[in-house]
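Reviewing the structure listed below.
Residue numbers start from 1 in every chain, and the chains themselves are labelled A, B, ... in the order their sequence lines are given, proteins ahead of strands.
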Amino acid sequence: MDKVYEPRDIEQRLYAEWESRGYFAPQGSGSPYCIMIPPPNVTGTLHMGHAFQDTIMDALTRYHRMRGDRTLWQVGTDHAGIATQMVVQRQLDAAGQSRTQMGREAFVERVWEWKAQSGGTIARQLRRLGASVDWQRERFTMDAELSRSVTEVFVRLHEEGLIYRGKRLVNWDPKLLTALSDLEVIATEEEGSLWHLRYPLEDGSGHLVVATTRPETLLGDSAVAVHPDDERYRHLVGKRVKLPLTDRLIPIIADAFVDRDFGSGCVKITPAHDFTDNEVGQRHGLPLFNIFTLDARLNDSVPARLRGLAREQARERVLEELSGAGLVERVDKHRLMVPRGDRSGVVLEPLLTDQWYVRIAPLAGPAIEAVEQGRIRFVPENWSKTYFEWMKNIRDWCISRQLWWGHQIPAWYDAAGNVFVARSEAAALAAARLMHGEDTTLTRDPDVLDTWFSSALWPFSTLGWPEDNADLRQFYPGNVLVTGFDIIFFWVARMIMLGLKFMGDVPFREVYVHGLVRDGEGQKMSKSKGNVVDPLDIVDGISLEDLVAKRTTGLMQPHLAPGIEKATRKQFPSGIEAHGTDALRFTFASLATQSRDIRFELGRVAGYRNFCNKLWNAARFVLMVCEDKPIAAPHTLPQGVVDRWIRSRLHDALAATESAFADYRLDQAATALYEFTWHEFCDWYLELSKPVLQGDDAAAAAATRRTLLDVFEALLRALHPVMPFITEEIWRRVAPVAGEAGESIMLTPWPDQAAFMADNVALADVEWIKGVILGLRQIRGEMDISPARRLSPLVRDAADSDRQQFARHAALLARLAGIDSVKLLDAGEAAPASAAAVVGNMTVLVPMQGLIDPAVELTRLTRKREKNDQEIGRARAKLTNPNFVNHAPPEVVATERERIAQFEKVNDSLARQIQIVQGLVTTGQV
RNA sequence: AGUCGCGUAGCUCAGUGGUAGAGCACUUCCUUGACAUGGAAGUGGUCGGUGGUUCGAUCCCACUCGCGACUACCA
């Protein structure tokens, strides 16, 4: 084995093997365990959020597979309607082609080509991460089978009256020329103005002042509203004003929604272009004046001179004309919430159009109950509040999009505009002809469904629904959904609603909501900020030049490139080193806390790369001392205290890891395993084993080899869910030596705690050994005594048990503490001038012999005593407080008394020692 | 406006009603046959502030300051 772990070649080779041997498919007869991957955009690429999420899911999947569950991690991709269509459209633009010229069929064909070309990227990237998804079952939301599910759901919902078509105000994207759902609207606070406009009263007796942030929509006003109790305007209610720039007379109405303290207290009502106004309009039976075209220009309903103006120009012109007429009273600066499309970024326009909607209330009720009743559990629990908050105020879901890429709505119209919703065109036609005659012809609704409509079916459409089959029965409901909080509404809630509706059961039992990965400064990673890190660049490494190129090409706003380049060069002066997949995965696991934001820092990955290397070298050691050497038979219980100790510690580490997995606390699992591997197994056990392995007792050495192999092999398995590659690579070398059969660590069972006994006696003994070693190391460390220098310490106040321990562990102490001999002093026996370490009830003395500066030793001892004094002070304060003694639980009081006794004992020794050393310092003798 | 979250070592974060932890960084020493991507020792924190509950609060409660996210029809 190489001295340094080199993941590069190992990872891809192992993954190919796993996949080709079919290890990822559900196996065995254990209870089913299923995770549905949140399907990434088929033409997308893997980002840090994916990598984080996939690491969590893979760790859970591998863990459950090892626990014997019949495990399925369902993989697949999403067609991502708007996003994908935009990408292809941009490609066409660049090539000087136009979508509309091309026609629908050719365009859709073109998108499929793009999918074929780029669709494999994210799958390849998933493989590099080690994701143990079952590729045999890979699905795509526009596969024939899944499309069939979509149609089926649509038709059934329509039959039940839960899908309807209606002309309503909808969030319209004037750039993409499609309707959007409420969730696709990003409300941003922006700087704007509040214009105070004068609307002349019909009778010429003056004017009303109306405050608005959108003066151009004045052309579509139907009324002016005031609060019914507003004394200033009460007498005007029922009268009319002359709408400026038009000849229309509009009424002054009273409605309690008006806030008297905002603006002038008078609101213009534009029912065709504002959601609130629309409701007011309905309440008061006001007419709707649509003044915009689909691309947000003024239409023919406005005065001829204004027609065709884009809404921004329209605003200018309207204001010009109003000020010309003296109708602008004043303009205030005003911060307002502006609705923008989450894809296009342009300001959305509430527009009156025909769209399809899902009547959501009947679906939301059961979905709320499912969570209330605990049939679905959010982890962390808090997210259920967010879920309830939204679900209880949910509004009908606009599901039609004026796009070409997606599931076309299964609705057909005859010439008279009658609509036929059916599973196929033939069925629609049959129905139409039955009703309206044999010569009826149909045209299909051109719209497609919101991408999230098909995503909502993912937990059952991927398993073959509406067919009934074994997979569906086994793997629905899934066990856990792993997702970010950003799509609780978009996806989680909708899966719950439709799962309950069509499967009669929840789609998953638990929803594990993880945090969002941000950069080291806490900024969201985005291409335009230039702070994106490709997870595979952390795995494989990347040169600075390549990184700069990657970050600065293909920018939507090319002018940002220089800034991005500069920042990148500063942050990564020499590019990014290769860290390997396992190091990255371990990093993600360690970051999987319950916090909402996760700051990703490369330094952390480097730390875990070092951890991989540590494990690698532990393997080298284990192999070196075990290969071709006598090894005790498996299942022989070790007698050596150190062997028993490490087994007991592994027992605890496994318990901690298991409970961490059960709680979705991968950070705690990672910590438990890291801690055990590095600070117990490597730092102590490997060192403590050396004297035995090199000693004369062949039987003891063979027994230690057994434990070494047992513990290490089990450790590899415990680490495998998080670090699949390195553990597999090492396991294949170690398993044969350990006498373990099997092709792959992937197929081994999760280590059994019962095989590693808890052993309190061994724990106490090793604590004693460590105490002596640490005490001596401290003296060495602080006195700068060379490790090469052997010591011959003396021990004062040794009890019989201490004597026995010294005798038993002489070889260990000789090696780890670097001591030649130990002399146990009798009571009252004089000692030479020494540095001292208090260990339990005894004091270990290292004769100074010119090695030790008494002054330094004096400071050291004094500092120790001061610390102890603080503890004693605090403990005494408690114990002298009668309230504490009377009210605190007796065991707490007892512990406190013990502590104080212990500290005092130590301080007695220290005081004695300080006195001696003090003497040396003042006399200058050593 | 409403809902939720965060504030702990220089940095990034765990954590607990009774003794405050990790990683990185920092200081000193060490090329000891697993590992310098290493080993040993060490420095560093009135746990945002105030008040309350309690024998005891970093932890529970209230208020407050600072930051953030989400939801929402103040034109």
Side-chain angles (χ1 to χ4, degrees), chain A residues 1 3-5 182 187 194-195 210-214 217 225 257-259 261-270 274-280 334 336-337 350 380 382-383 385-386 388-390 393 485-486 488-489 516 520 522 577 579 583 590-591 593-601 603-604 606-625 665 667-668 671 674-675 679 682-683 686-687 690 694 774 777-788 815 818 870-871 874-875 877-878 881-889 892-893 895-896 899 903:
Chain A
M1 281 172 85
K3 210 169 166 182
V4 171
Y5 174 57
D182 296 336
L194 188 62
W195 284 274
V210 161
T212 181
T213 55
R214 297 206 57 192
T217 63
F257 97 97
V258 178
D259 178 354
D261 301 325
F262 185 87
S264 61
C266 297
V267 190
K268 63 195 269 313
I269 302 298
T270 321
D274 183 282
F275 289 99
T276 313
D277 291 5
N278 189 266
E279 287 172 25
V280 176
H334 182 62
L336 72 162
M337 299 304 280
N382 249 357
W383 290 109
K385 280 201 170 179
T386 306
F388 289 135
E389 202 65 32
W390 188 67
N393 298 300
F485 55 82
D486 49 334
I488 289 179
F489 307 143
L516 258 36
E577 280 183 64
H579 295 85
S590 74
L591 291 173
T593 64
Q594 305 223 337
S595 116
R596 284 215 280 213
D597 296 318
I598 287 149
R599 293 189 188 208
F600 189 91
E601 288 177 308
R604 197 118 184 209
Y608 293 121
R609 178 202 53 195
N610 297 353
F611 178 64
C612 289
N613 199 53
K614 190 75 179 173
L615 189 69
W616 184 256
N617 279 288
R620 293 178 59 215
F621 176 79
V622 171
L623 289 172
M624 181 184 84
V625 298
R665 289 302 304 265
D667 60 321
Q668 291 175 347
T671 306
Y674 181 97
E675 185 68 23
H679 297 307
C682 290
D683 283 354
L686 293 189
E687 295 307 321
K690 286 174 185 174
Q694 294 160 6
L774 288 170
R777 274 187 194 163
Q778 242 170 36
I779 292 172
R780 266 187 207 278
E782 294 196 39
M783 299 301 150
D784 278 349
I785 301 173
S786 155
R815 167 134 188 167
Q870 283 177 8
E871 293 296 334
R874 257 192 286 187
K878 280 188 186 178
N881 178 354
N883 284 328
F884 174 73
V885 182
N886 294 331
H887 292 92
V892 172
V893 180
T895 313
E896 212 60 34
R899 281 188 66 221
F903 278 120

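One can find a donor-acceptor pair under 3.5 Å joining the base of B:C35 and the side-chain atoms of A:Lys614. Put simply, the side chain of A:Arg596 and the base of B:C4 share a donor and an acceptor less than 3.5 Å apart.
Summarising the base pairing, B:U54 is matched to no nucleotide, lacking a Watson-Crick or G-U wobble pair whose two defining distances lie under 3.5 Å. As the counterpart of B:U32, no nucleotide is assigned, since no Watson-Crick or G-U wobble pattern has both distances under 3.5 Å. For B:C24, the paired nucleotide is B:G10, the pair qualifying as Watson-Crick or G-U wobble because both relevant distances are below 3.5 Å. Figure legend. B:G17 is base-paired to no nucleotide; pairs are counted as Watson-Crick or G-U wobble with both atom distances under 3.5 Å. Across all strands shown, B:G49 is found opposite B:C63 as a Watson-Crick or G-U wobble partner, with both distances under 3.5 Å. Searching all strands for a Watson-Crick or G-U wobble partner of B:G2 with both distances below 3.5 Å returns B:C70.
Across all strands shown, A:Met337 has heavy atoms under 4.0 Å from base atoms, whether or not it also approaches the sugar-phosphate. Within the nucleic acid shown, A:Pro882 has no heavy atom closer than 4.0 Å to any nucleic acid atom. A:Phe489 comes within 4.0 angstrom of sugar-phosphate atoms only, judged by non-hydrogen atoms across all strands, and of no base. Within 4.0 Å of A:Glu687, counting heavy atoms only, lies at least one base atom of the nucleic acid. Here A:Leu774 lies in heavy-atom contact (under 4.0 Å) with sugar-phosphate atoms only. Here A:Cys682 lies in heavy-atom contact (under 4.0 Å) with a base.
The distance from atom CD of A:Gln778 to atom C1' of B:A40 is 11 Å, rounded to the nearest whole Å. For the pair A:Glu601 CD and B:A14 C1', the computed distance is 15 Å after rounding to whole Å. When rounded to the nearest whole Å, the span between CG of A:Asp182 and P of B:C73 equals 8 Å. One can place CG of A:Leu686 at 15 Å from P of B:G33, the figure rounded to the nearest angstrom. Protein atom NZ of A:Lys690 is 9 Å distant from nucleotide atom C1' of B:C35, rounded to whole Å. For the pair A:Ile785 CD1 and B:G42 C1', the computed distance is 15 Å after rounding to whole Å. Across the protein-nucleic acid pair, A:Glu389 atom CD and B:C4 atom C1' stand 9 Å apart, rounded to whole Å.
Taking only side-chain atoms of A:Thr276, from C-beta outward, the nucleotide of B:G23, B:C73, B:C35 with the closest atom is B:C73. In this structure, of B:A20, B:G18, B:A75, it is B:A20 that holds the atom nearest to the side chain of A:Glu871. Taking only side-chain atoms of A:Lys878, from C-beta outward, the nucleotide of B:A72, B:U32, B:U19 with the closest atom is B:U19. You'll find that the side chain of A:Asp683 is closest to B:A40, out of B:U12, B:G42, B:A40. Candidate nucleotides B:G68, B:A34, B:C73 were compared by shortest atom distance to the side chain of A:Asp597, and B:G68 ranks first. Which of B:C55, B:U37, B:A34 sits closest to the side chain of A:Ala888 comes down to B:C55.
For the OP1/OP2 pair of B:C74 and a distance below 4.0 Å, the side-chain nitrogens and oxygens of A:His334 include no atom meeting the criterion. Note on A:Lys3: every side-chain N or O is 4.0 Å or more away from OP1 and OP2 of B:G38. Contact between the side-chain N/O atoms of A:Asn610 and the OP1/OP2 oxygens of B:G38 is found at a separation under 4.0 Å. At least one side-chain nitrogen or oxygen of A:Thr593 sits closer than 4.0 Å to the OP1 or OP2 atom of B:A14. Applying the 4.0 Å criterion to OP1 and OP2 of B:U71, one finds that A:Lys385 has every side-chain N and O outside that range. Listed pair A:Arg604 / B:U12 fails the phosphate criterion, with no side-chain N or O lying under 4.0 Å from OP1 or OP2. Applying the 4.0 Å criterion to OP1 and OP2 of B:G15, one finds that A:Arg665 has a side-chain N or O inside that range. A:His679 has no side-chain polar atom (N or O) that falls below the 4.0 Å cut-off from OP1 or OP2 of B:G21. At B:A41, one or more side-chain N or O atoms of A:Arg777 fall inside 4.0 Å of OP1 or OP2 (strictly under the cut-off). Phosphate proximity of B:G5 to A:Asn382: present, with a side-chain N or O under 4.0 Å from OP1 or OP2. Here A:Arg874 reaches the OP1 or OP2 of B:A20: one of its side-chain N or O atoms lies under 4.0 Å away.
A residue-by-residue look at A:Glu896 and A:Gly520 shows that A:Gly520 has its nearest nucleotide of RNA chain B further toward the 5' end. Both A:Gly265 and A:Asn617 lie near RNA chain B, and the one whose nearest nucleotide falls closer to the 5' end is A:Asn617.
With P as the reference atom, B:G68 and B:G21 are 33 Å apart, rounded to whole Å.
Aromatic ring pairs are classed by plane angle as parallel below 30°, tilted from 30° to 60° and perpendicular above 60°; the pair A:Tyr674 and A:His679 is perpendicular.
Side-chain contact check for A:Leu194 versus A:Phe262: some heavy-atom pair is nearer than 4.5 Å.
Atom CD of A:Glu577 has 12 or fewer neighbouring heavy atoms from other residues, nucleotides or ligands inside a 6.0 Å radius.
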